[in-house]
Amino acid sequence: MSISREDVLHVAKLARLALSEEEISLFTVQLGDILNHAAAACALDTEGVPPTAHPVPIAHLLREDEPRPSLARGLVLEEAPAVEADRFRVPRILDET
Amino acid sequence: MTAVITTAAGIARGVRSGEYPAARVLEEYLARIAAHEDRIGAFLLVAQERARAAAEAIDARVAAGEDPGLLAGVPLAVKDALCLAGLPTTAGSKILQGWHPPYTATAVARLEEAGAVVVGKTNLDEFAMGSSNENSAYKVCRNPRGLDRVPGGSSGGSAAAVAAGFASVAIGSDTGGSIRQPASLCGVVGMKPTYGRVSRYGLIAFASSLDQIGPLAGTVEDAALVYQSMAGADPMDATSIPGDLPDVLSGVKEGREAGIAGMRVALVTELCEMEGTDPTVARVFEETVKKLEKSGAVLVEVSVPSLVHALSAYYLIAPAECSSNLARFDGVRFGLREAGDDVEAMNRATREAGFGPEVKRRIMLGTYALSSGYIDAYYGKAQRIRTLVIRDLEAAFTQADVLLSPTSPTVAFPLGARTDDPMSMYISDICTIPANLAGIPALSLPCGTDDAGLPVGLQVMAPVLSESLLFRVACAAETLIGALPPVLL
């Protein structure tokens, strides 16, 4: 399995990472190495074996569906990088003036 | 220095009976931190004043005739991946620098309710991704038993804090060995409960189907006390196991008194005869097994063939889940924000500036393994291998009560020795990963040292929900081997 520079650029776009040139070269090599290490595992015949998403097959715990207060708005907004009018402020999304 | 060399069980007894005040116990630990922490780097934050107030409150309760609980006055160090309202939480990452969580993790809240006194937040690999603590974005953490060595990771600070006598007990999180491997390298006891035994509410998520919070301590009994105080169903975590929590302290007592005679203990061929195992680790492990056999344990050997693929499966599943969990760090609601012309550019700039190299590498690997065209070949395949590991371990547990292996194939390695090659670092977790994939409880306890005094860890694994058996066997083994006291630097 070899990973190309284009693969790395595509995955970085999906993962929303603005990688440096140096990181692109490094990850092209390292991701290939790691996937090569997994090659034997990936070649294993697992026909008919179901996938495991949760290791302990116990019914999920559900809490009572009762209304309760959520986190205090002020406390949460205090930790936000930018706030305006009691909301999270982000760069402009819509192209309007 | 009386409290530091005694156990958490001993401290709690002394505090509950009024024999020595929690405030005095705390000052002994704070004095050790003040004298030696600059050489170790176990903490990202020491919360002196908050701890002093908590210790005084415990003493006031004792004076008023109340019982503060199982961990009364026991100094506790908390891995900085767990939220504690009122103190900053960083997860070892620049992206969360200065962040104050608005709530407290269930595990931490329960330990404080049981009387534990939080002394500080410990150093870790960024977002718990690493096996040496060298991925911390803040500072180096050194192994108290060899200052040129890594403490292991990712709960390296928690293990180092206990080994150095900076806290009586600690908690960490274990996704692929992140409690047991540093416990092994620092010569302390470290335990990963069954997946779902301890609520993950308030633990900053790395790989949600693998993450589990557990104790680090100087003795098996102390680890059991911490486990017993924080485990059990929590309505805030839908994956926590419902029902009453069985008492494990009776298992500890049984192990100490009845020993290991008649227990079927199995050596796992694939983990005990591994290429790259340090000869000293192999020798100390063999000697330990002989001691167990001599005192009546029935030795069997089991093969768990799918384990040869466990490391590969883990390094696909964990990065896949991490890439999904870490999508929340987008510069909008908390943590760092870097400027960008639009939202996506802001997201990219923030994540590029805020994440370190290992976290980026795992996000990239996980995103790739989940991307269209590859998800079945990588993530799907890894999940099927996970099923094989679970089946093979279930079969092994029909032949034996517990499984044994070294915790780590090597003793603590020198700082910087493995930072250039990710695969060489990942191999550190080869013995600990199977328990995470299968969700079973496992524990590491010190079983000897090499010529330089670096500890070797014995790993005990038990079937799902068999914590009591695990603590019983571990305590019996510890009674035979002897516990390793903290280093008095």
Side-chain angles (χ1 to χ4, degrees), chain A residues 1 3 7-8 10-20 23 26-27 30-31 33-64 71-72 74-82 88-93 95, chain B residues 99-100 102-103 194-196 209 233 235-242 309 312-313 315-316 323 330-337 340-349 351-352 355 360-361 363-365 367-368 371 377-378 380-388 390 422-423 437-439 464:
Chain A
M1 185 72 214
I3 295 287
D7 291 329
V8 169
H10 172 64
V11 173
K13 185 170 160 47
L14 295 176
R16 298 211 172 170
L17 286 168
L19 300 180
S20 67
E23 286 173 321
L26 187 67
F27 289 161
Q30 288 180 338
L31 295 191
D33 285 352
I34 297 165
L35 292 171
N36 275 332
H37 190 269
C42 291
L44 200 66
D45 182 6
T46 53
E47 186 69 36
V49 179
T52 293
H54 186 289
V56 182
I58 282 179
H60 278 193
L61 186 67
L62 297 177
R63 61 175 180 262
E64 293 302 315
L71 295 169
L75 201 61
V76 172
L77 290 177
E78 231 170 69
E79 298 301 324
F88 298 117
R89 186 189 160 93
V90 294
R92 187 178 300 281
I93 295 172
D95 205 13
Chain B
W99 179 63
H100 286 76
Y103 59 93
T194 299
Y195 179 81
S209 80
M236 299 305 281
D237 175 4
T239 62
S240 85
I241 293 167
H309 300 301
S312 297
Y315 276 100
L316 292 168
S323 74
D330 56 5
V332 174
R333 291 151 299 158
F334 36 68
L336 182 76
R337 173 184 293 188
D341 290 340
D342 56 29
V343 171
E344 205 172 313
M346 180 274 283
N347 294 156
R348 287 181 200 289
R351 291 162 64 81
E352 176 61 16
F355 290 141
K360 286 180 197 166
R361 185 155 42 240
I363 290 174
M364 291 290 290
L365 184 60
T367 305
Y368 183 78
S371 65
Y378 290 111
K381 180 64 82 171
Q383 285 187 307
R384 287 177 166 79
I385 294 172
R386 191 170 185 183
T387 306
L388 296 176
I390 292 171
M423 271 324 298
L437 288 176
V464 159

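Lettering of chains follows the sequences in order, A, B, ..., and the numbering in each one begins at 1.
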Between A:H10 and B:T367, is there a side-chain heavy-atom distance shorter than 4.5 Å? no
dist B:M364:CE -> A:D7:CG (nearest 0.5 Å) comes out at 9.0 Å
Quick one: what part of A:E23 sits under 4.5 Å from any heavy atom of chain B, side chain, backbone, both or neither? side chain
Spell out, as yes or no, whether a donor-acceptor pair under 3.5 Å connects the side chain of B:R348 to the backbone of A:A18. no
What part of B:L365 is in contact with chain A, defined as an atom under 4.5 angstrom from a non-hydrogen atom: side chain, backbone, both or neither? both
Do A:V11 and B:I363 have side chains that approach each other closer than 4.5 Å (heavy atoms only, starting at C-beta)? no
Nearest heavy atoms of B:G439 and A:V56, plus distance in Å: O-CG2, 4.2 Å
By a 4.5 Å heavy-atom criterion (distance strictly below it), what part of A:L77 contacts chain B: side chain, backbone, both, or neither? neither
At their closest point, which heavy atom of B:G335 faces which heavy atom of A:P81, and how far apart are they? O-CG, 3.5 Å
At a 4.5 Å cut-off on heavy atoms, which part of B:L316 comes close to chain A: side chain, backbone, both, or neither? side chain
Give a yes or no on whether the backbone of A:L44 and the side-chain of B:R384 come within a donor-acceptor separation of less than 3.5 Å. no
Using modelled atom types only, decide if a donor and an acceptor are shared between the side chain of A:E79 and the backbone of B:H100 within a distance under 3.5 Å. yes
Is B:V464 close to chain A through its backbone or its side chain, or both, or neither, when contacts mean heavy atoms under 4.5 Å? side chain
Toward chain B, the part of A:A72 with a non-hydrogen atom under 4.5 Å: neither
Top of A:P55, A:A38, A:A80, A:A12 for chain B proximity - count of heavy-atom pairs under 4.5 angstrom: A:P55
When rounded to the nearest 0.5 Å, the distance separating OG1 of B:T239 from NE2 of A:H54 is 5.0 Å
Checking heavy atoms, do the side chain of B:S209, its backbone, both or neither come under 4.5 Å from chain A? both
Mind listing the closest non-hydrogen atom pair of A:P91 and B:R337 along with its distance? CD-NH1, 4.3 Å
At a 4.5 Å cut-off on heavy atoms, which part of B:D330 comes close to chain A: side chain, backbone, both, or neither? neither
Where is the tightest heavy-atom contact between B:S371 and A:L14, given as atom of each residue plus distance? CB-CD1, 4.1 Å
Could you state the interatomic distance from OH (B:Y368) to CD1 (A:I3), rounded to the nearest 0.5 Å? 3.5 Å
